[in-house]
Amino acid sequence: MLHPLISRKLNRLNKIILVFLILSCTAMLSASGKKDRINQTGVLVSYGNVPFTYAVFQTEEGLIYNIVCEGKLKHILNDSWGNRVRIKGYLIDRSEAAFEPYIMPAPDGYLKVQKIEIIEN
């Protein structure tokens, strides 16, 4: 049996370690859930080879993203190839993007579009 003073110090150390572990796990989980937000101006350009072409978003800085969008945004996207646009959205993993097998990954990732604004034709 340990001396009572040593026992109390070990209990205190165990509590400190437990609190540290809980805080560390919370920080890691909250950081992994964050999405990188994008609000960029660029051009919708054609990528791939005919007949398997698809639009990608090329920013003014030269970054190239595959575009992931649905419904009305997809119609706006299909009508806007070659146009200068402003896109708001966030980056996602390839596993979250449902693509046809012929679509090659763009160098800078996948962009889930929330809003497309056509700047000029």
Side-chain angles (χ1 to χ4, degrees):
M1 181 131 186
L2 294 174
H3 188 277
L5 184 61
I6 295 173
S7 181
R8 274 187 272 165
K9 285 186 178 185
L10 284 176
N11 268 343
R12 189 176 206 196
L13 183 62
N14 286 342
K15 287 177 185 175
I16 291 171
I17 290 172
L18 180 64
V19 168
F20 177 74
L21 287 174
I22 289 172
L23 290 174
S24 297
C25 289
T26 303
M28 286 188 323
L29 288 174
S30 66
S32 67
K34 291 182 180 177
K35 306 269 187 189
D36 290 331
R37 297 270 176 212
I38 301 286
N39 184 5
Q40 293 276 335
T41 302
V43 179
L44 296 172
V45 296
S46 176
Y47 218 61
N49 297 313
V50 174
F52 302 113
T53 56
Y54 50 97
V56 296
F57 179 61
Q58 183 171 1
T59 67
E60 293 174 338
E61 291 82 23
L63 300 173
I64 298 175
Y65 299 102
N66 284 101
I67 301 170
V68 180
C69 62
E70 303 157 349
K72 185 179 178 183
L73 289 175
K74 195 162 192 95
H75 291 296
I76 294 171
L77 170 78
N78 289 335
D79 294 338
S80 303
W81 284 32
N83 292 335
R84 191 161 171 259
V85 295
R86 179 172 294 117
I87 290 185
K88 292 182 182 180
Y90 55 91
L91 297 180
I92 61 173
D93 294 326
R94 182 174 173 86
S95 61
E96 297 177 62
F99 281 118
E100 298 296 327
Y102 62 84
I103 295 182
M104 299 300 293
D108 298 301
Y110 298 87
L111 178 58
K112 176 75 174 177
V113 177
Q114 295 174 309
K115 183 179 179 181
I116 299 175
E117 177 186 343
I118 299 171
I119 297 175
E120 59 186 52
N121 291 329

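We're numbering straight along the sequence, starting at 1.
Closest of all the heavy-atom pairs between Val85 and Ile118 is CG1-CA, 4.0 Å.
The closest donor-acceptor contact from the side chain of Asp108 to the backbone of Tyr65 lies at 3.5 Å or more, if one exists at all.
Of the charged side-chain nitrogens involved, none lies within less than 4.0 Å of a carboxylate oxygen, so that Arg86 and Glu60 do not count as a salt-bridged pair. One finds no salt bridge joining Glu117 and Arg84 here, because no Lys/Arg side-chain nitrogen approaches an Asp/Glu carboxylate oxygen to under 4.0 Å.
Residue-environment remark: CD (Glu61) exceeds the threshold of 12 foreign heavy atoms within 6.0 Å. The number of heavy-atom neighbours closer than 6.0 Å to CG of Asp79, taken from other residues, nucleotides and ligands shown, is above 12.
Just one of Gln114, Lys74, Lys112 meets the side-chain contact (heavy atoms from CB on, under 4.5 Å) condition when paired with Cys69; it is Lys74.
Side-chain contact between Ile119 and Thr41: present, with at least one pair of heavy atoms (C-beta onward) separated by less than 4.5 Å. For the pair Leu91/Ile38, a side-chain contact is recorded, criterion being any heavy-atom separation below 4.5 Å from C-beta on. Residues Leu44 and Ile87 have side chains in contact (heavy-atom distance under 4.5 Å, counting atoms from C-beta outward). Contact check for Asn66 versus Tyr47: no side-chain heavy atoms found under the 4.5 Å cut-off.
When the side chains of ILVMFWY residues are joined at heavy-atom separations under 4.5 Å, either directly or via intervening members, Phe57 and Trp81 end up in two distinct hydrophobic clusters.
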